[in-house]
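Report on one structure; see the data block that follows.
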Amino acid sequence: MKYLQYIVGGIVFGIVMSKSEAISWYRIQEMFRFQAWHMYGIIMMAILIGTTGVFLIKKFNIRDYRGNPIPFHPKDRSIPRYLIGGIIFGMGWALSGACPGPMVVNIGFGYYAMLIVFFFAVLGTFLYGYFRDKLPH
Amino acid sequence: MLYLLYFGGSFGFSANLRTICSMSGAGKNVKFFDFNWKSQIWNLIFLIGGLAGGFISSHYMYDGKTANISQNTIHDLQKLGFSAPDEIQPKELFSREAVFSLKGFFLLAVGGLMVGFGARYAGGCTSGHAISGISDLQIPSIIAVVGFFIGGLIMTHILFPVIF
């Protein structure tokens with residue numbers, strides 16, 4: 001069962017996201033209204049642990065479980081693509097109250113309305129791929 | 001994120017949306033989806049795990065708690081017509097009645113479209129940019145997260161009073 005670690009990781013992700021209420025539309029509203037530390041605490045904690053971990057991986061050349069080096073891919077330098085894409089994403093995030101991970105966790109949780117959001121997110125991704133060459137990057 | 005790096009992956013959830021397009025055969029017509037999606041199966045498995053994680057927490061770990069949000073948020077949302085939370089999602093958007101109303105369906109559809117389109121345009125979502133990218137101190141991810149917030153603030157403070 002070579003995929004076991006990913007299913008375990010996903011289950012932990014799903015439980016943490018729902019128990020921390022990060023999948024709640026209300027929490028996203030609260031975040032965009034700067035009325036509580038809740039979401040900022042979760043995100044900053046993740047970044048703090050992540051930054052420390054990445055630093056240590058690079059400093060000590062830590063390898064993955066197969067003994068291969070762990071690659072980091074610098075993203076292409078650009079401003080419009082990240083800014084425009086980011087703004088569109090942010091608007092959708094505030095409206096639906098979910099980014100892609102929490103959408104799926106919500107469906108598992110029993111909020112089947114998120115199936116609609118998820119389906120249209122796949123469609124949105126397809127539209128991006130279709131119009132990709134015509135967009136500024 | 002570190003867990004996935006250790007197991008040879010990377011933490012970026014919205015990549016799955018591209019993989020699903022590719023699996024559905026979009027690669028025949030659109031080059032962007034013409035890649036070896038089988039190399040992304042691990043990430044789809046992670047997605048299924050997330051689905052199962054949500055199921056486990058609602059069926060075996062849920063204590064019926066509501067989202068315990070700040071009084072100011074409850075007050076602001078009431079002005080827009082949202083009642084105080086009695087579960088973790090508002091029934092005004094996610095209940096059966098809302099989904100089968102024209103406006104309700106339209107809002108969920110537009111929200112989803114923007115998330116999917118924007119995530120791929122920006123090259124990542126909250127996990128790929130805000131967590132993985134910023135942990136690697138990448139400038140593009142910082143720009144993307146600034147974009148996420150500009151978009152979220154426009155929607156919340158300018159468009160919500162018009163929509164609701």
Side-chain angles (χ1 to χ4, degrees), chain A residues 3 5-7 9-11 13-15 18-19 21 24-26 29-30 32-33 35-36 46-47 50-51 53-54 64-65 70 72 75 82-83 85-96 99-101 104-105 108-111 113 116-117 120-122 124-130 132, chain B residues 1-3 5-8 13-14 17-18 20-21 30 32-33 42 45-47 49-55 57-58 67 69-70 72-73 85 88-89 94 99 108-109 111-122 125-126 131 134-136 138 140 143-144 147-148 150-152 155-156:
Chain A
Y3 290 116
Q5 65 268 39
Y6 303 112
I7 196 125
I11 291 173
F13 173 78
I15 293 174
S18 43
K19 291 307 278 182
E21 297 177 357
S24 167
W25 182 93
Y26 292 113
Q29 272 301 300
E30 187 184 56
F32 283 128
R33 291 170 192 275
Q35 286 164 334
I47 292 176
T51 313
V54 172
D64 71 11
Y65 75 116
I70 296 176
F72 290 96
K75 297 181 194 298
Y82 300 111
L83 199 58
I87 290 173
I88 297 172
F89 176 88
M91 291 173 75
W93 188 15
L95 180 57
S96 62
C99 40
V104 170
V105 180
F109 200 90
Y111 285 107
I116 300 172
V117 184
F120 279 92
V122 173
T125 302
F126 176 78
L127 289 176
Y128 166 73
Y130 192 81
R132 188 166 193 253
Chain B
M1 176 194 95
L2 296 169
Y3 180 90
L5 285 175
Y6 180 71
F7 284 114
F13 208 94
S14 63
L17 303 175
R18 183 181 175 208
I20 292 171
C21 286
V30 181
F32 183 64
F33 300 112
W42 67 267
I45 303 282
F46 183 79
L47 182 152
L51 207 59
F55 182 87
S57 54
S58 72
I69 53 168
S70 111
N72 293 331
T73 312
I88 60 169
Q89 298 293 17
F94 298 100
V99 169
L108 295 180
L113 266 183
M114 291 179 102
V115 168
F117 186 91
R120 213 62 276 126
Y121 195 173
C125 57
T126 322
I131 313 286
I134 289 187
S135 290
D136 192 23
Q138 297 216 20
I143 302 172
F148 295 169
I150 297 174
M155 179 56 75
T156 300

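Because only heavy atoms are used, hydrogens play no part in the values below, and waters and symmetry mates are left out as well, while side chains stay in. Throughout, a chain's letter reflects where its sequence line sits, starting with A, and its residues are numbered from 1.
Of all the listed residues (B/Gly8, B/Gly111, B/Ser14), the one sharing the greatest number of non-hydrogen pairs under 4.5 Å with chain A is B/Gly111. Ranked by heavy-atom pairs shorter than 4.5 Å toward chain B, the options A/Ala46, A/Gly92, A/Ala36 are led by A/Gly92. Heavy-atom pairs under 4.5 Å with chain B were tallied for A/Thr125, A/Ile15, A/Leu127; the largest tally goes to A/Thr125. Contact count versus chain A (heavy atoms, under 4.5 Å) is highest, among B/Cys125, B/Gly116, B/Ser135, B/Pro85, for B/Ser135. For chain A, the option among B/Ala119, B/Ala52, B/Pro140 with the highest count of heavy-atom pairs below 4.5 Å is B/Pro140. Considering only heavy-atom pairs separated by less than 4.5 Å from chain A, the leading option among B/Ala144, B/Ser70, B/Gly118, B/Gly151 is B/Gly151. Interface summary for chain A: among B/Ile134, B/Ile143, B/Ile150, the most heavy-atom pairs under 4.5 angstrom belong to B/Ile143.
In this structure, CD1 on A/Ile11 lies 10.5 Å from CZ on B/Phe46, to the nearest 0.5 angstrom. Between the CD1 atom in A/Ile87 and the OH atom in B/Tyr121 there is a gap of 10.5 Å [rounded to 0.5 Å]. Once rounded to the nearest 0.5 Å, the distance linking CD1 of B/Ile45 with OH of A/Tyr6 reads 10.0 Å. Interatomic distance, CE of B/Met155 versus CH2 of A/Trp93, reported as 13.5 Å (0.5 Å rounding). Between A/Phe13 atom CZ and B/Leu47 atom CG the span is 9.0 Å, to the nearest 0.5 Å. Rounded to the nearest 0.5 angstrom, B/Leu113 CG and A/Met91 CE are separated by 12.5 Å.
Counting only distance, with no hydrogens or angles, the side chain of A/Tyr26 and the backbone of B/Thr73 share no donor-acceptor pair below 3.5 Å. A/Glu21 contributes no side-chain N or O that, together with a main-chain N or O of B/Ile88, makes up a donor-acceptor pair within less than 3.5 Å.
Heavy-atom distances place both the backbone and the side chain of A/Lys75 under 4.5 Å from chain B. Using a 4.5 Å cut-off between heavy atoms, B/Phe148 contacts chain A through both its backbone and its side chain. Contact of B/Leu2 with chain A is made through the side chain alone, with heavy-atom distances under 4.5 Å. When heavy atoms are compared at a cutoff of 4.5 Å, A/Tyr130 approaches chain B by way of both its backbone and its side chain. Heavy atoms closer than 4.5 Å to chain A are found in the side chain of B/Gln138, but not in its backbone. Both the backbone and the side chain of A/Glu30 come within contact range of chain B, each with at least one heavy atom under 4.5 Å from a heavy atom of that chain. Residue contact with chain B, scored on non-hydrogen atoms closer than 4.5 Å, involves the side chain of A/Ile70 exclusively. Of the two parts of A/Arg33, the backbone and the side chain both hold a non-hydrogen atom closer than 4.5 Å to a non-hydrogen atom of chain B. The contact between B/Phe7 and chain A is made by backbone and side chain atoms together, counting heavy-atom distances below 4.5 Å.
Contact between A/Gly86 and B/Ala122 at its shortest, heavy atoms only, is N-CB, 3.7 Å. Here the closest non-hydrogen pair linking A/Phe126 and B/Phe33 is CA-CZ, 3.4 Å. Across all their heavy atoms, B/Ser57 and A/Lys19 have their closest contact at CB-CD, 4.3 Å. The nearest pair of heavy atoms linking B/Gly50 to A/Val104 is C-CG1, 4.4 Å.
Looking at heavy atoms from C-beta onward, B/Val99 lies in side-chain contact with A/Ile116 at the 4.5 angstrom threshold. In this structure the side chain of B/Met1 reaches within 4.5 angstrom of the side chain of A/Val54, judged on heavy atoms. Annotation: side chain of B/Phe13 is not in contact with side chain of A/Cys99 (no heavy-atom distance under 4.5 Å). Residues B/Tyr3 and A/Gln5 form a side-chain contact, since some pair of their non-hydrogen atoms from C-beta on lies under 4.5 Å apart.
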message: What verdict does the side-chain contact (heavy atoms from CB on, under 4.5 Å) test give for B/Val115 and A/Phe120, after you've listed the backbone C-alpha separation in whole Å, the side-chain angles of each residue and the deciding distance to 0.1 Å?
response: CA-CA 9 Å; B/Val115 168; A/Phe120 279 92; over 6 Å; no
